[in-house]
Amino acid sequence: MAIKSKPQTPPKIAFWLLSRMAISGEEYSVLGDFEEEYFEIVQEKGQAGARFWYWRQVFRSTPSFLKNWIYWSVQMLKNYLKITLRNIKRHKGYSFINIAGLAIGMAVCILILLFVRDELSFDTHHEHKDRIYRIERRWFAADGSVRGALCSVAPSFIPFLEEEFAEMEHIARMVGTGDILISHAENNFVEERFFFAEHDIFEVFTIPLIKGDPKTALKNPNSLVLSESMVRKYFGDEEPMGKSIKFGSEREDCQVTGVMKDVPSSSHLHFDFLASYVTLKGRQEYYRDGSDYFLGTTNFSDNVTYTYMRLAKDADPEEVAARIPGFLDRHLPSYEDDSGNVYLPHQWNTLVLRKVTDIHLHSRTHNELEPNSDIRYITLFTLIAVFILIIACINFMNLSTARAANRAREVGLRKVVGANRQLLTTQFLGESLLIAFLAMVIAVLIVAVLLPYFSAFSGHELKLGMLINPVGLLLLVAVFLVTGLAAGLYPAVYLSAYKPATILRGDLTRGTRGAIMRKVMVVFQFAISATLIISVAVVFKQMRFLQNANLGFQRENIVLIPADQPIKQNWEAIKQELLNNPRILSATLSKRAPSGRLLDAPGFSIEINGELVESPFTMPHNRVEHDFFKTYGMKIVAGRDFSIDHPTDKDEAFILNETAVRRLGFKSPEEALGSPMYTVAPDRSGRLIGVVADFNYESLHHEIVPMITYIRLLETNTAALRIARGNIQETIAHVQGVWDRFHPGYPVSYTFLDDRLNALYRNEARMMEMFGNFSLLAILIACLGLFGLSSFTTETRTKEIGIRKVLGASLSKIVTLLSKEYTKWVLVANIIAFPIAYFTMDRWLNNFAYRVSIGWTVFILTALLTFVIALFTVSYQSIKAALGDPAEALRYE
Amino acid sequence: MKDLTLSELILLLAIWRLEDNAYGVTIRKQVAEMTNKTYAYGTIYSALEQLFTKGYVIKIVGPSTPERGGRSKVFYRLTPDGKKAMKAARQLQTSIWEGVPEFVIDKI
């Protein structure tokens, strides 16, 4: 026989293809048949012909093989589906726990994802969102730390910026008016979303105009662009374009030159009225010195314009920012402190470019236009979503592995008839995916039902429709897949590892394998739960403290009303008329009201022991009218309050707070009385006539700062009335009557001081309420799992319990025996949770200048609570088992 | 029992004719001989698989054979059900053609 020179084996690739495709379990016979005929052909026609034949056969066979493969896959799937549904039906209790747990977990996850997506989408509706910046201003302390930050700048910066920075293609200044009276025909309303804006605002922001031309709408003085909803409010069906509308207490006319779409809710800034900026030109009543301050002077002290800028396409924002210090040095004066240190302009302040899309989550300046959110909340909620999903997945894993013994026979049989491990893993994974899918469907239903409530209390306009887009659907699929796989992987691997011989011999001890793993999981679940409970408890403690803290003044029964020019001019008479009503106890005017920020600090000087000290620290100026301290119920600790009996008080009297007196180095408030004092803006000199007890003007996030108070009616804008308890409507009706006489057509819009104070913490309160609710759900899901797990272990021990009862064990003994197992682990979980919760909450509390201490009671109570919850969950099953008739338990065998 | 399709009938007949030697290669050759058409292995196998699930044939794994790279053959045998189905098919064939003389058929 000659040695064959060429290999005679069939073509390798075709061989491999065939082996992949052939009917599973019979590849060998198919390959054998092919090879047999192949060699026959080699004999007849030689190698090449045979190879050709082999390839051709493989190709021609492919469709049939594929059809066969699909047919069998469908058959298997049908079988899996049948078994899964049968299992769900047969073990209704467990299935309920599994599906309900997963569904609640997923629902929470979807809600949080919707919320997070909405938070992240702020200000993304602008076409040039990546190139829009807000120009902010920051001040530095001597050591270089940030002393203060405003999101507005002095308007005078802008002409210079435009001149020197060609990259800033469009800059638009905006000035907010605060509460302003708007009238058209019979319609008079006080509006707050009114801004004077430069016409470039249309170049910077994307503001779709329904009517009017963005190029010209805000070009001329006294032009006004309204939002759609304002058109409806003031004009109804009437055509607004070209019509006249009156604004401000002077009832000045302006012409409607455009109608814009309402600003979407996910914007850091909402405006309903945009009036042309040039309307401000030459106006005295809006600004005290310099008629063209708004258009730009060389005065950079009052930061009244919110300024937005669009950068050129190819400009590098970092490079632009790097040129700002030099720019400031050219235009601002240096500053010299008492010790003679000179600070260059860029050393004491700077301009910051903040990307518009970063404002909502990252900006925390002192005068944000609207309360912003915080990226930390986003992180917190995402974490909670993940935790809740983990807890739900753990339930699924624990219950599946605990009940594995019930499935063991199925696994054994499947293996005997030829299922391999891969096939079984696929089956169990498929099962968990199916359950995850059912849970997902239920979750989406839950979300649909809960969304309106959730939207209302999260303060976001969330819609289910937000899910129906590629990203939303992808998120849904991701949640579904991650849950299904995470929950199913461990049980799948665990179940498929069973050895058929062991199972079928009946050697398998029920549910004991993996018991350690299950305990670890329970500890993990309850550690998360306990951490959440402690955090929620501390948060609520702090929130209660904030809402009830003694602020140094009486917060109840104070009504705040905006006061504009006509009110201030006639204040003496108005005050008299107000006080004629016995329900109004006291009335005053002030620049701001406690609950606002203290920002104006133009400097002061004081003579201490004959020596003049100039602004040793910054001290906000509180500009008020006579009865300020009396109305708010603040205590004068030394000297006296302002009084109309001292006619000089309104021009020459100052009152400091205790902190200021202390910081100035006086040993007691009395010692400071009578010291000569001076202020720059307004320019006045006088004496210290009294010292007021410290009170929290600002929110409790901030420490009490030194403060100077003096009378200056001109600069006030808020009227505060202390009223008698009860019958507010009648009191307000009286106020409206007085207003009608002095300021006709101006509707009184009032707020209560305590509402405003609570509003300071509204963001926290709202976030924390969500936090509390989600934590509750997390605990609920964990309990659900524990309940299932304990009922299962109890079930497996039915016989043991029966025997124990027959031998005389008491009810309490049995309950203890059964409950001990899991409650013990819950306590371990607490011990793990304590340090984690302590450090996290301590960090959160440090955000507040005034905070509660965490205290050990929270920990004890949490431990007790989780212990009781766990005991309650577990003992329901054990008591049921212990009360059962032992005869029943022992009957079978 | 459902009526056999023509291809099922052909396969069953081939297996029956081959008696003890019905496996992939021989079945394919037998079918080719009977019908004057060659079928791809894939078609044969999936059809056999269908017959197997319907219970008309059983599979018997034979001893390993050197000429097939050491792989065993899988032999197919008719089950009583298979035989019954075949006979029923034959009966159906004759009964539907009954009374139609040859020369008439030629004219069709």
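Naming: A, B, ... by sequence-line order, numbering from 1 per chain.
Applying the 6.0 Å contact sphere to OH of A:Tyr80 captures more than 12 heavy atoms from other residues, nucleotides or ligands. Within a 6.0 Å radius of CH2 in A:Trp69, no more than 12 heavy atoms belonging to other residues, nucleotides or ligands are found. Open room surrounds CD1 on A:Ile13; 12 or fewer heavy atoms of other groups in view lie less than 6.0 Å from it.
Within the 4.5 angstrom heavy-atom criterion, no atom of B:Thr26 approaches chain A.
Side-chain contact, B:Glu49 with A:Tyr71: no donor N or O sits under 3.5 Å from an acceptor N or O.
Put simply, NZ on B:Lys73 and CD on A:Glu36 are 5.0 Å apart, with the number rounded to the nearest 0.5 Å. The OH atom of B:Tyr41 lies 11.5 Å from the CZ atom of A:Arg60; values are rounded to the nearest 0.5 Å.
Between A:Phe65 and B:Tyr45, the angle of the ring planes stays under 30°, which puts this pair in the parallel group of the 30/60° scheme.
Here the closest heavy-atom approach between residue B:Val25 and residue A:Asp33 is recorded as CG2-O, 3.3 Å. Nearest heavy-atom pair, B:Gly42 versus A:Ser61, reported as atom, atom and distance to 0.1 Å: N-OG, 2.8 Å.
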